[in-house]
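Have a look at the structure below, then the notes.
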Amino acid sequence: VPSGAPSFGVTLNIVSLLAGIVLLASACFADEPDLRSKFAWRQEISGGGETGVLYRIRVPREVFDGCRVFPSDLRILDDARRQWPLFVFLREGRTITETVPAKTLNASLVEKKDRYLRQDFVIPVDAETGKRRKHNQMIVRTSGSDFVRRVEVYGSENQSDWGLLGAGYLVDHSRVRVCNKTLQYPVSTFPFLQVRVYPNARNASEPLSVSGLAIANTVEKPGEYEDVPLTESYVEQKDLKEGCQVVVYDTGAEHRPVERVILRAGDREYVRSLRVFGRNEETNTWRWVADGEIHKLGASVQDTVNLNGFGFRFLKVELFNYDDAPFRRLDVKAQAVARYLVVESLGGPAALYYGAPDVDLPRYDLNRRRGDEAAAAPLLGLQDRADNQLRKKSGFGRYGPWLAAAAVGLVSLLVLWIIVSMMKRRGEKT
């Protein structure tokens with residue numbers, strides 16, 4: 001210690017001051033025990049509901065946008081800092097397709113003005129119920145490639161009087177990866193079916209044969225979907241491609257799930273393959289989401305493309321028209337499965353908190369205990385999103401305890417060094 005080192009009393013004062021600094025640093029850096037202070041956003045729940053009652057809260061767009069990873073950094077807490085148990089509930093649509101057994105009665109090539117292949121079937125009754133089987137779909141596989149073939153399905157009670165059930169087109173465009181082998185028609189219980197497959201409209205003289213044919217019944221289990229508002233955005237020059245119509249839309253929120261996109265293009269017939277991309281920022285690279293096709297050929301209409309895990313803000317669709325003219329008018333709609341937070345009320349005022357960097361996925365047993373009550377649970381509303389005033393502005397988050405420990409260690413070493421130096425100084429004087 002240099003000459004003029006502080007006296008023992010002054011040193012004790014310095015030590016006390018440093019100890020106070022250590023305590024203050026620990027208080028500043030330590031994690032706040034109130035979980036609510038971790039979140040960036042807060043939305044008041046309109047009405048706390050009755051204690052123990054199950055409620056649903058529809059998840060609005062701003063929650064997806066505010067969460068870092070929905071629903072990991074999301075909690076419901078009341079004024080007593082209690083967590084309300086919750087889980088995410090959604091009714092997603094399902095398509096169930098069952099093959100209908102049928103026996104082939106005959107197959108022939110009809111040489112008339114309009115040449116076509118004909119196959120007749122009989123559908124036996126259900127052996128268990130003794131009732132006729134329902135059917136609404138014909139799946140046809142034919143020879144060749146790069147074709148457009150008209151197909152018709154007729155039904156009959158007696159094989160004499162035939163009524164048209166449905167007509168459409170089988171499509172195979174290998175260049176643009178479009179393939180349609182299914183003809184759908186209204187649900188029918190006719191025991192006799194007749195299928196007519198016509199030659200390729202692109203090359204009527206090519207050989208024609210049916211390699212496979214199946215009758216099926218498809219049942220749609222409707223889900224609860226909601227429209228996702230889209231705002232058309234500017235298409236950058238670098239995104240334009242020859243023979244391709246490009247459209248870009250803004251969903252208005254990052255991390256917004258979108259299950260499907262619907263594209264309609266007027267009354268004329270068309271076939272278009274397409275690709276869908278997504279990104280969260282206008283400067284990001286586009287990421288592939290899905291391939292698909294839309295068409296309108298007679299009564300056959302395909303206008304919906306299912307998206308696989310889309311959770312971006314911006315949506316880009318590339319429609320390949322090649323040498324055909326692009327659509328003059330294109331209506332694009334995005335839809336998402338409606339998502340709800342199912343919560344068990346603990347009574348009293350509560351709020352939804354979200355947007356935290358270091359909160360783990362919530363783990364409650366509510367879904368296992370009362371999941372079967374979710375669909376009938378009454379609704380609670382949410383007030384507008386607001387900044388969470390309880391959010392801790394100081395400190396260093398998850399690194400706070402480490403920094404506090406480091407600060408305590410350094411100050412302790414400094415205090416120890418001063419004490420040792422002081423005692424050495426006193427020893428030299430004696």
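Below, all heavy atoms of this structure are taken into account, side chains as well, without hydrogens, waters or symmetry copies.
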Point to revise | Salt bridge Glu259-Arg339, side-chain N to carboxylate O under 4.0 Å | key: yes
Review point. Quick one: is the NZ or CZ of Arg196 closer than 6.0 Å to the six-membered ring centre of Tyr154, and within 45° of its axis?
Key: yes
Exercise for review: Would you mind checking if Arg150 and Glu152 are paired as a salt bridge, meaning a charged N to carboxylate O distance below 4.0 Å?
Suggested key: yes
Practice item. Verify the distance criterion only: is there a donor paired with an acceptor across the side chains of Arg149 and Thr142 at less than 3.5 Å? Key: yes
Point to revise | Residues forming a salt bridge (Lys or Arg N to Asp or Glu O under 4.0 Å) with Glu226, sequence neighbours excluded | key: Arg58, Arg256
Check your understanding: Would Gln389 and Asp387 count as a side chain to side chain contact (heavy atoms under 4.5 Å, CB included) if you check the C-alpha gap in whole Å, the side-chain angles of each, and the deciding distance to 0.1 Å?
Key -> CA-CA 6 Å; Gln389 299 302 318; Asp387 291 331; 3.9 Å; yes
Point to revise | Arg260 to Tyr225 six-membered ring, cation-pi geometry met (6.0 Å, 45°) | key: yes
Exercise for review: Kindly check if the number of other-residue, nucleotide or ligand heavy atoms within 6.0 Å of CZ (Arg141) is above 12?
Suggested key: no
Practice item. Using a strict 4.0 Å threshold on nitrogen-to-oxygen distance, state whether Glu254 and Arg61 make a salt bridge. Key: no
Review point. In terms of side-chain geometry, is the basic nitrogen of Glu206 or Arg115 positioned less than 4.0 Å from the acidic oxygen of its partner?
Key: no
Review point. Could you walk me through whether Asp227 and Gln335 pass the side-chain hydrogen bond (donor to acceptor under 3.5 Å, both in side chains) check?
Key: CA-CA 5 Å; Asp227 290 339; Gln335 290 186 331; 3.1 Å; yes
Practice item. Please tell me if the side chains of His135 and Ile123 come closer than 4.5 Å, counting only heavy atoms from C-beta onward. Key: yes
Review point. Salt bridge check: are Asp331 and Lys333 linked by an N-O gap of less than 4.0 Å?
Key: no
Review point. Under 6.0 Å from the six-membered ring centre of Tyr270 and within 45° of its axis: does the NZ or CZ of Lys296 meet both?
Key: no
Exercise for review: Go through the side-chain N and O atoms of Tyr364 and Glu344 and say whether any donor and acceptor fall under 3.5 Å apart.
Suggested key: no
**Study point:** Residue among Trp41, Tyr354, Phe39 satisfying side-chain contact (heavy atoms from CB on, under 4.5 Å) with Cys67
**Key:** Tyr354
Review point. Taking the six-membered ring of Tyr353 as reference, does the NZ or CZ atom of Arg75 fall below 6.0 Å from its centre and within a 45° cone about the axis?
Key: no
Practice item. Under the salt bridge (charged side-chain N to carboxylate O under 4.0 Å, His left out) rule, what do Arg56 and Glu373 come out as? Steps first, then yes or no, please. Key: CA-CA 10 Å; Arg56 286 180 300 150; Glu373 303 175 43; over 6 Å; no
Practice item. Taking all heavy atoms of Arg279 and all of Thr285, pick out the closest pair and write down the distance. Key: CB-O, 3.9 Å
Check your understanding: Is any NZ, NE, NH1 or NH2 atom of the basic residue among Glu293 and Arg272 found under 4.0 Å from an Asp or Glu carboxylate oxygen of the other?
Key -> no
Review point. Going by atom types alone, do Thr218 and Thr97 pair a side-chain donor with an acceptor below 3.5 Å?
Key: yes
Review point. Can you tell me if CD on Glu98 sees more than 12 non-hydrogen neighbours from other groups inside 6.0 Å?
Key: no
Exercise for review: State plainly whether the residues Lys131 and Asp126 are in salt-bridge range, i.e. N to O under 4.0 Å.
Suggested key: no
Check your understanding: Looking at Arg275, Gln245, Lys241, which one forms a side chain to side chain donor-acceptor pair (under 3.5 Å) with Glu318?
Key -> Lys241
Review point. Taking Leu380 as the fixed residue, which of Leu352, Leu341, Ile57 is the one that meets the side-chain contact (heavy atoms from CB on, under 4.5 Å) rule?
Key: Ile57
Exercise for review: List the steps and the verdict of salt bridge (charged side-chain N to carboxylate O under 4.0 Å, His left out) for Glu92 and Arg94.
Suggested key: CA-CA 7 Å; Glu92 192 167 7; Arg94 292 185 300 134; over 6 Å; no
Check your understanding: Between Asp120 and Arg118, is there a side-chain N and carboxylate O pair less than 4.0 Å apart?
Key -> yes
Point to revise | Crowding at CZ, Arg268 (>12 non-hydrogen neighbours, <6.0 Å) | key: yes
Review point. Take atom CG in Asn158; do more than 12 heavy atoms of anything else shown fall under 6.0 Å from it?
Key: yes
